[in-house]
Amino acid sequence: MELNRTDYQIMDLLQNDARLMNKQIAAEVGLAASSCHERIKRLWAAGVLKETKTIVEPSMLGYELSIVVMAKISKHGQINIDALMDRLIALPEIQQVHLVTGQFDLIVYMIAKNMNHLKEVARAAFSDTEDISAYETSITFDSRTDFGVPLRPDETSNRGATQRGV
């Protein structure tokens, strides 16, 4: 799919605020609302736009701990890595699972209400399985997250420059 300047402008606006109404986006990029709507539908259909989610603040619901888990996959777990990753991400406390290179095979981001809850979830996810041979947990003190994709700077509003300090 070939993208033009207007497509990039639309993606930049949506990355910054997915709640924008079509009419607002159309006015910002200089299109009729119907034309803008068709472009957005095309971006979704082509898979360029992937998801829209509302992010809930975990601490507001009692999840006081944010944890990074580095895990090694056992020989048994190597048989079906996709099933292992699907099993892990299905646990409600696990937010992300990444298959990576390096000393560990998986990096897992999860939340827990307290240390006892962390122990329960870690045991269920990593200890009580033949798929994981070893794992380490680290409590996150603070974090910054930006899931935006850098868009061509000549065709966007310099989103990355302001948010990333470039």
Side-chain angles (χ1 to χ4, degrees), residues 1-71 73 80-102 104-114 117-118 121 125 137-166:
M1 170 178 190
E2 192 167 322
L3 302 172
N4 64 25
R5 177 182 175 89
T6 303
D7 295 321
Y8 281 97
Q9 289 174 322
I10 290 169
M11 288 185 291
D12 187 52
L13 289 166
L14 288 171
Q15 275 193 142
N16 287 313
D17 186 355
R19 298 173 299 169
L20 286 174
M21 303 302 287
N22 181 62
K23 191 169 145 181
Q24 294 171 289
I25 298 168
E28 187 74 28
V29 300
L31 288 177
S34 59
S35 297
C36 184
H37 179 70
E38 288 304 314
R39 280 184 186 253
I40 292 171
K41 275 179 37 180
R42 184 174 52 93
L43 290 168
W44 279 104
V48 176
L49 297 178
K50 191 172 177 185
E51 294 182 31
T52 303
K53 293 187 178 224
T54 298
I55 299 171
V56 176
E57 174 54 46
S59 66
M60 298 298 285
L61 299 177
Y63 291 91
E64 297 298 327
L65 300 177
S66 177
I67 304 102
V68 178
V69 180
M70 291 79 59
I73 301 173
N80 195 345
I81 293 172
D82 287 334
L84 169 60
M85 292 177 72
D86 290 344
R87 179 182 66 77
L88 291 171
I89 200 67
L91 295 171
E93 295 87 356
I94 294 183
Q95 298 179 313
Q96 296 178 45
V97 178
H98 301 271
L99 181 64
V100 298
T101 61
F104 293 96
D105 302 306
L106 295 174
I107 297 186
V108 178
Y109 294 90
M110 59 183 281
I111 55 176
K113 292 187 176 198
N114 52 46
H117 185 215
L118 169 57
V121 175
T137 60
S138 294
I139 305 294
T140 303
F141 289 129
D142 197 3
S143 66
R144 305 291 185 274
T145 303
D146 181 355
F147 290 107
V149 174
L151 301 173
R152 299 191 308 211
D154 60 322
E155 297 190 4
T156 65
S157 65
N158 292 322
R159 173 191 170 277
T162 56
Q163 288 195 346
R164 291 191 177 92
V166 176

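Under the side-chain contact (heavy atoms from CB on, under 4.5 Å) criterion, Glu57 pairs with Ser59, Met60, sequence neighbours left out. Among residues two or more places apart in sequence or in another chain, the ring-ring contact (aromatic ring centres under 6.0 Å, His included) test is passed with His98 by Tyr109. Residues satisfying the side-chain contact (heavy atoms from CB on, under 4.5 Å) test with Ala112, not counting sequence neighbours, are Leu65, Ile67, His117, Leu118. Partners of Lys50 under the side chain to side chain donor-acceptor pair (under 3.5 Å) rule, at least two apart in sequence or in another chain, do not exist in this structure. Under the rule for a side chain to side chain donor-acceptor pair (under 3.5 Å), Asp82 has no partner lying at least two apart in sequence or in another chain. For Ile89, the side-chain contact (heavy atoms from CB on, under 4.5 Å) partners two or more places apart in sequence, or in a different chain, are Ile94, Val97. Evaluation of the side chain to side chain donor-acceptor pair (under 3.5 Å) rule for Ser35 yields no partner, not counting sequence neighbours. Asp7 meets the side chain to side chain donor-acceptor pair (under 3.5 Å) test with Arg39, Arg42; sequence neighbours excluded. For Glu38, the side-chain contact (heavy atoms from CB on, under 4.5 Å) partners at least two apart in sequence or on another chain are Lys41.
Residue pairs meeting the salt bridge (charged side-chain N to carboxylate O under 4.0 Å, His left out) criterion with at least one member in residues 85-98, sequence neighbours excluded, do not occur.
To the nearest 0.5 Å, atoms CG (Leu106) and CE (Met85) are separated by 6.5 Å. Atoms CE and CG, from Met70 and Asp105 in turn, are 12.5 Å apart once rounded to the nearest 0.5 Å. How far CZ of Phe147 is from CD1 of Ile55: 7.0 Å, rounded to the nearest 0.5 Å.
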Decide yes or no on side-chain contact (heavy atoms from CB on, under 4.5 Å) for Leu43 and Leu3, but give the supporting numbers first.
CA-CA 9 Å; Leu43 290 168; Leu3 302 172; 3.7 Å; yes
Which pairs would a plain distance check flag for residues 19-33, meaning a side-chain donor or acceptor within less than 3.5 Å of a matching protein atom at least two apart in sequence or in another chain?
residue	atom	partner	partner atom	Å
Arg19	NE	Asp17	OD1	3.3
Asn22	OD1	His37	N	3.3
Asn22	ND2	Ala33	O	2.9
Gln24	OE1	Met21	N	2.8

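Counting heavy atoms from C-beta outward, Val149 and Met11 have side chains that stay 4.5 Å or more apart. For the pair Leu84/Leu88, a side-chain contact is recorded, criterion being any heavy-atom separation below 4.5 Å from C-beta on. For the pair Ile73/Leu99, a side-chain contact is recorded, criterion being any heavy-atom separation below 4.5 Å from C-beta on. The shortest distance between side-chain heavy atoms of Leu151 and Gln9 does not fall below 4.5 Å. Here the side chains of Tyr63 and Val56 are not in contact, with every heavy-atom distance at 4.5 Å or above.
When all heavy atoms of Met1 and Ala46 are compared, the closest pair comes out as SD-CB, 3.1 Å.
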